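Just below is one structure, and these are the notes that go with it.
In what follows, every heavy atom counts, from backbone to side chain, and hydrogens, waters and symmetry copies are set aside. Because the structure is predicted, anything quoted here is derived from the model rather than measured.
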Amino acid sequence: REKGIMAVLGCGFDPGVTSIFCAYARNNLFDEIRTIDIVDCNDGSHGKAFATNFNPEINIREVTQRGKYWKRGKWIEIDPLSISSMIDYPEVGPRKSYLIYHEEEESLVRNIDGLEQIRFWMTFSDNYIKHLEVLQNVGMTRINPVVYNGVEIIPLQFLKALLPEPSSLAENYTGKTSIGCIIRGVKGGKPAAYILYNVCDHAETYRELGAQAVSYTTGVPAATGAIMMMKGIWSGKGVFNVEELPPEPFLEEVSKQGLPWHAKRLDGEAYRELAEL
């Protein structure tokens with residue numbers, strides 16, 4: 001801030017577009033936002049026995065750490081993968097999803113006034129969970145060093161060397177990602193609920209850029225954020241989270257860049273089981 005420089009944090013998809021969905025909903029769809037459920041489904045298939053879609057160290061640490069969510073003014077911690085729900089993802093259908101901790105919850109709690117609850121849900125296949133449990137049980141997900149043949153190694157980093165490079169998965173990837181926010185609140189004195197989301201196809205992104213949809217949905221928003229800054233549409237001095245910046249021009253541009261998004265009003269019964277969990 002003192003040097004007059006602008007920095008933007010978390011401008012991938014989640015964190016990134018999901019936080020911008022929340023800012024758009026705050027500005028245009030609600031008078032008050034009460035609850036946010038960020039829902040992330042990768043319904044793709046890469047044909048490997050076990051692989052991660054992005055850096056294995058980050059991915060596995062994210063899944064194996066304790067879960068955490070915000071409710072009525074405090075953080076609630078849970079055991080890893082101990083809470084799950086069937087969630088109906090647009091263009092994909094119902095998939096088992098697990099409540100995990102995700103970093104954008106921290107800033108949205110601060111920047112969305114009146115928020116009573118925020119949670120993050122992600123899908124993991126039974127096969128993924130099985131492999132992860134075995135790797136944990138034998139100590140391969142540890143991040144503290146061990147000595148092997150006189151050399152100090154970190155098991156998780158060694159595991160990363162054994163797993164397929166995420167970029168190598170793109171060529172034969174099929175299926176879709178479906179990621180968005182289920183938001184509940186009040187509009188005009190009445191309860192209101194919306195889902196804002198994007199669906200991205202692995203095979204289509206490979207044909208376009210030689211990339212799978214997970215990297216595509218991360219890279220396109222980052223490029224769009226750069227466009228916002230270079231054109232002066234996003235401006236300021238200091239460090240900003242994306243929900244602090246104008247969401248409307250970003251969402252217009254990110255659609256042009258390859259990630260069209262949708263906002264659908266929900267009836268009272270939609271995602272009721274999730275809301276009551």
Side-chain angles (χ1 to χ4, degrees), residues 1-29 36 38-42 44 52-59 62 102-112 120 122 165-170 173 176-181 183 196-263:
R1 188 182 297 114
E2 291 173 358
K3 294 187 177 182
I5 298 171
M6 183 188 195
V8 176
L9 296 177
C11 197
F13 206 98
D14 48 342
V17 176
T18 50
S19 299
I20 294 168
F21 283 162
C22 295
Y24 178 87
R26 175 194 61 202
N27 292 358
N28 299 280
L29 303 178
I36 297 171
I38 301 170
V39 294
D40 182 327
C41 172
N42 177 14
T52 62
N53 296 293
F54 54 95
N55 187 317
E57 288 185 74
I58 297 173
N59 183 238
E62 183 177 83
H102 226 239
E103 60 265 38
E104 67 264 44
E105 295 171 285
E106 300 274 359
S107 65
L108 288 170
V109 163
R110 297 172 59 183
N111 294 321
I112 302 295
F120 187 100
M122 184 174 281
E165 180 67 29
S167 61
S168 72
L169 304 175
Y173 225 130
K176 299 176 180 179
T177 61
S178 181
I179 312 172
C181 299
I183 304 175
L196 294 85
Y197 66 93
N198 163 267
V199 175
C200 193
D201 187 283
H202 287 286
E204 288 181 7
T205 61
Y206 181 74
R207 283 193 293 270
E208 181 184 340
L209 286 179
Q212 38 110 329
V214 175
S215 55
Y216 189 96
T217 55
T218 304
V220 170
T224 302
I227 291 171
M228 294 294 100
M229 295 173 72
M230 296 302 290
K231 288 186 173 181
I233 298 170
W234 283 359
S235 61
K237 299 176 181 179
V239 181
F240 298 84
N241 286 290
V242 291
E243 69 270 13
E244 298 177 274
L245 301 164
E248 293 83 2
F250 176 94
L251 290 175
E252 180 180 353
E253 184 66 35
V254 83
S255 293
K256 295 176 184 177
Q257 295 298 329
L259 291 176
W261 63 282
H262 312 275

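For Glu106, the salt bridge (charged side-chain N to carboxylate O under 4.0 Å, His left out) test picks out Lys68, with sequence neighbours left out. Ser107 pairs by the side-chain hydrogen bond (donor to acceptor under 3.5 Å, both in side chains) definition with Glu243, not counting sequence neighbours.
For the residue pair Asn111 and Arg26, the shortest heavy atom distance occurs at O-NH1, 3.3 Å. Scanning all heavy atoms of the two residues, the minimum distance from Trp261 to Ser255 falls at CD1-OG, 3.1 Å.
Atom-to-atom distance recorded for Glu62:CD and Asn55:CG is 11.0 Å, nearest 0.5 angstrom. A distance of 11.0 Å separates CD1 of Ile179 from CD1 of Ile38, quoted to the nearest 0.5 Å. Note: Asn198 CG to Leu196 CG = 11.5 Å, rounded to the nearest 0.5 Å. Here Asn53 contributes atom CG and Asn42 contributes atom CG; the two are 5.0 Å apart, rounded to the nearest 0.5 Å. With values rounded to the nearest 0.5 angstrom, Glu204 atom CD is found 12.0 Å from Leu209 atom CG. Taking CG from Asn28 and CG from Leu251, the interatomic distance works out to 9.5 Å, rounded to the nearest 0.5 Å.
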Check residues 4-24 and write down every donor-acceptor pair under 3.5 Å in which the side-chain atom is one partner and the other belongs to a residue at least two apart or another chain.
from	atom 1	to	atom 2	distance (Å)
Thr18	OG1	Phe13	O	3.3

Expected list for residues 227-237: side-chain donor-acceptor pairs under 3.5 angstrom, two or more places apart:
from	atom 1	to	atom 2	distance (Å)
Trp234	NE1	Pro246	O	2.9

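At distances below 3.5 Å, not a single donor-acceptor pair connects side-chain atoms of Glu165 with backbone N or O atoms of Ser167. Counting only distance, with no hydrogens or angles, the side chain of Thr205 and the backbone of Ala211 share a donor-acceptor pair below 3.5 Å.
Residue pairs satisfying the ring-ring contact (aromatic ring centres under 6.0 Å, His included) criterion with at least one member in residues 202-226, sequence neighbours excluded, are listed as follows: Tyr173-His202. Residue pairs meeting the salt bridge (charged side-chain N to carboxylate O under 4.0 Å, His left out) criterion with at least one member in residues 245-258, sequence neighbours excluded: Glu252-Lys256.
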